[in-house]
Colleague: 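Here it is, the structure, as structure tokens.
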Amino acid sequence: MSTSEKWIERGLTHVAKTYGRYPLVAQSGKGCWLTDVDGKTYLDFLAGVAVNNLGHCHPKVVKALQDQAATLIHSSNYYHIPAQIELAELLCQNSFGERVFFCNSGAEANEAAIKLARKYSFDQGHKERNEIITAQASFHGRTLGTLWATGQEKIQVGFAPVMAGFKHVPYADIDALRSAVGPNTCAIMLEPVQGEGGIHVAPKEYLQAVRELCDKQNLTLIFDEVQCGMGRAGKLFAHQHDNIEPDIMTLAKALAGGPPIGAMVARNQQAESFGPGTHGSTFGGNPLVSAAALATLKTLLEDGVLENGQVMGNYLWQQLEGLKDKYDFITEVRGRGLMLGMQMTIEGAEIVKTAMERGLLINCTAGSVLRFVPPLIVSKDEIDQMIVILDKILSEI
Ligand SMILES: *Cc1c(COP(=O)(O)O)cnc(C)c1O
């Protein structure tokens, strides 16, 4: 029995069965490469589901974590936290935002956004306005609130009662959105690029029309950038491509380069409604995770990582288009930056499994969309290596 097999067997007994895990037991990582406990290496184009934007164990993130861990790991939000303050400043300096609430995950960031949108509406004297419109095929998380905010029935089955206050409309359909807005609507929540739903990019005209609708009807616009933010889509935040700003933005996944974090960035107008005692989190933005996030964000901004992500995104796109020309079961390449999807007419699960056996980590969303979200530090050579492995697998279909 290999070391991997031993861990896999032990994992069957006491760990919750919530994930259909692949037979990989990761031991270490460096850049775009992951090594398992038996010494096999994998080219990682999943990057911890768009978390490791700086690759595995980026030296600056490691250093920040080591230094902070040796100084102060946790103190609580009863007290002020320098790294958290600096992180909030940097996020606001680089976005529309004016105030940041920190938590521990994407779902929590969206919970904060939902609560703030409702509280803001309440504070304006609109007690009846508490409904939030989201998109079909969206993904906003797995907590009881975000589960019902998500526009996917498959993650809701068995968790009745349906939580009131959410309405779902087709993505990128402005007429559907306009007719869904009613006297009880307080906010619209959208991913500028849908991730789990199959990599769908909202057209600029759509986002513009949504912004106008929100301005006209006094609705709060929330962008969920948990996946497409932090440089993933080629700009620090995906909505910056089109210069259409929300009132609230949620972040998580790549924000701290691996350690768990979530953030809700808001304008002061809305953020005023989160006064002392209205919301909170024990761990949110603690010294350790804030230090990691600060190092991650500085590196993203200063070391040409965003630029590399954009250039490599274009290169990967071209290579995927090459595969599309070659195989008629590939119908479309789409996405932005290094958040790319390849739509196929066949299921992707087998391809993902075979790729893993051959040392390549990719993933499939929405059944038939191969998703490519490598670290933003990926090189041309690594993309070429990925394409060689994938091409070979596709040629065998
Ligand atoms: C992953 C994801 C979430 C949920 O984040 P968790 O950290 O798993 O709670 C929410 N929204 C989007 C767009 C995501 O991709």
Side-chain angles (χ1 to χ4, degrees), residues 16 18-21 46-53 101-117 132-152 154-156 159 163 166 168 171-172 187-202 207 221-233 235-239 246 248-265 281 283-286 289 292-293 296 334-341 363-366 369 371-374:
T18 45
Y19 309 99
R21 295 180 202 261
L46 180 59
V49 197
V51 166
N52 303 110
N53 282 10
F101 173 81
F102 292 102
C103 49
N104 314 286
S105 68
E108 273 183 69
N110 287 332
E111 289 279 344
I114 292 163
K115 284 181 71 174
L116 181 59
I132 296 170
I133 302 174
T134 75
Q136 288 168 8
S138 60
F139 184 78
H140 299 298
R142 299 279 196 161
T143 59
L144 273 174
T146 58
L147 160 75
W148 295 108
T150 293
Q152 294 189 52
K154 69 169 195 248
I155 75 156
Q156 298 165 337
F159 300 110
M163 188 181 281
F166 297 104
H168 305 108
Y171 189 63
I188 294 168
M189 178 154 84
L190 294 168
E191 296 158 84
V193 184
Q194 282 191 334
E196 302 306 307
I199 313 291
H200 297 281
V201 182
L207 292 181
L221 179 56
I222 305 166
F223 282 164
D224 177 345
E225 293 228 16
V226 167
Q227 186 162 157
C228 62
M230 304 317 295
R232 175 51 57 195
K235 299 261 185 195
L236 186 59
F237 304 116
H239 69 265
I248 298 175
M249 165 174 74
T250 55
L251 301 170
K253 290 192 165 78
L255 178 53
I261 189 172
M264 180 198 62
V265 180
S281 164
F283 292 121
N286 89 358
V289 75
T296 301
R334 54 178 187 249
R336 217 155 207 187
L338 275 172
M339 184 172 177
L340 298 179
N363 132 292
C364 177
T365 64
V369 182
R371 170 168 54 173
F372 304 90
V373 286

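These values consider heavy atoms only, across backbone and side chains, with no hydrogens, waters or symmetry-generated copies. Order of appearance sets the numbers: ligands from 1, and atoms from 1 within every ligand.
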Colleague: Counting distance only, does the side-chain N/O of Arg232 pair as donor-acceptor with the main-chain N or O of Leu338 below 3.5 Å?
Modeller: yes
Colleague: Could you list which atoms of ligand 1 come closer than 4.0 Å to a heavy atom of Glu191?
Modeller: 13 (C)
Colleague: Considering only non-hydrogen protein atoms, determine which one is nearest to atom 11 (N) of ligand 1 and report residue, atom name and distance to 0.1 Å.
Modeller: Asp224 OD2, 2.8 Å
Colleague: Looking at Thr134 and Ala149, would you say the former's side chain and the latter's main chain have a donor-acceptor pair under 3.5 Å?
Modeller: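 Confirmed, Thr134 side chain pairs with Ala149 backbone.
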Colleague: Show the atoms of ligand 1 that are less than 4.0 angstrom away from any heavy atom in Gln227.
Modeller: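 So the answer, numbered in order with elements, is 15 (O).
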Colleague: As a test of the contact definition, would atom 8 (O) of ligand 1 count as having a protein heavy-atom neighbour under 4.0 Å?
Modeller: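 For atom 8 (O) of ligand 1 the answer is no, since every protein heavy atom stays at 4.0 Å or beyond.
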Colleague: If only atom types and distance count, is the side chain of Ser138 paired as donor or acceptor with the main-chain N or O of Gly151 below 3.5 Å?
Modeller: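 Yes, because the side chain of Ser138 sits within donor-acceptor range (under 3.5 Å) of the backbone of Gly151.
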Colleague: Between the side chain of Gln152 and the main-chain N/O of Gly197, is any donor-acceptor distance below 3.5 Å?
Modeller: no
Colleague: Can you list the ligand 1 atoms lying under 4.0 Å from a non-hydrogen atom of Ser105?
Modeller: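 What qualifies from ligand 1 is 7 (O), 9 (O).
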Colleague: Do any nitrogen or oxygen atoms of Gly106 come within less than 3.5 Å of a nitrogen or oxygen of ligand 1?
Modeller: yes
Colleague: When you measure from the side chain of His168 to the backbone of Ala137, do you find a donor-acceptor pair of N or O atoms at a distance under 3.5 Å?
Modeller: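 No, because the side chain of His168 does not come within donor-acceptor range (under 3.5 Å) of the backbone of Ala137.
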Colleague: Any nitrogen or oxygen of Gly141, main chain or side chain, under 3.5 Å from a nitrogen or oxygen of ligand 1?
Modeller: no
Colleague: Counting N and O atoms only, with roles assigned by atom type, does the side chain of Glu191 sit under 3.5 Å from a partner on the main chain of Cys228, one being a donor and the other an acceptor?
Modeller: no
Colleague: Under a 4.0 angstrom heavy-atom cut-off, which atoms of ligand 1 come close to Ala107?
Modeller: 4 (C), 5 (O), 6 (P), 9 (O)
Colleague: Do any N/O atoms on Ala252 end up under 3.5 angstrom from N/O atoms on ligand 1?
Modeller: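 In fact, backbone or side chain, Ala252 has no N or O that close.
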Colleague: Please state which option from Lys253, Glu196, Gln194 has its nearest heavy atom closest to atom 15 (O) of ligand 1.
Modeller: Lys253
Colleague: What residue and heavy atom of the protein are closest to atom 12 (C) of ligand 1, and at what distance?
Modeller: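 Protein heavy atom with the smallest distance to atom 12 (C) of ligand 1: Phe139 O, 3.3 Å.
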Colleague: Please check this pair: side chain of Asn53 against backbone of Met230, looking for a donor-acceptor N/O pair closer than 3.5 Å.
Modeller: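 Yes.
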Colleague: So does Leu147 get a backbone contact from the side chain of Gln156, meaning a donor-acceptor N/O pair under 3.5 Å?
Modeller: yes
Colleague: Which is it for Asn110 and ligand 1 at heavy atoms under 4.0 Å: side chain, backbone, both or neither?
Modeller: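 The answer is the side chain.
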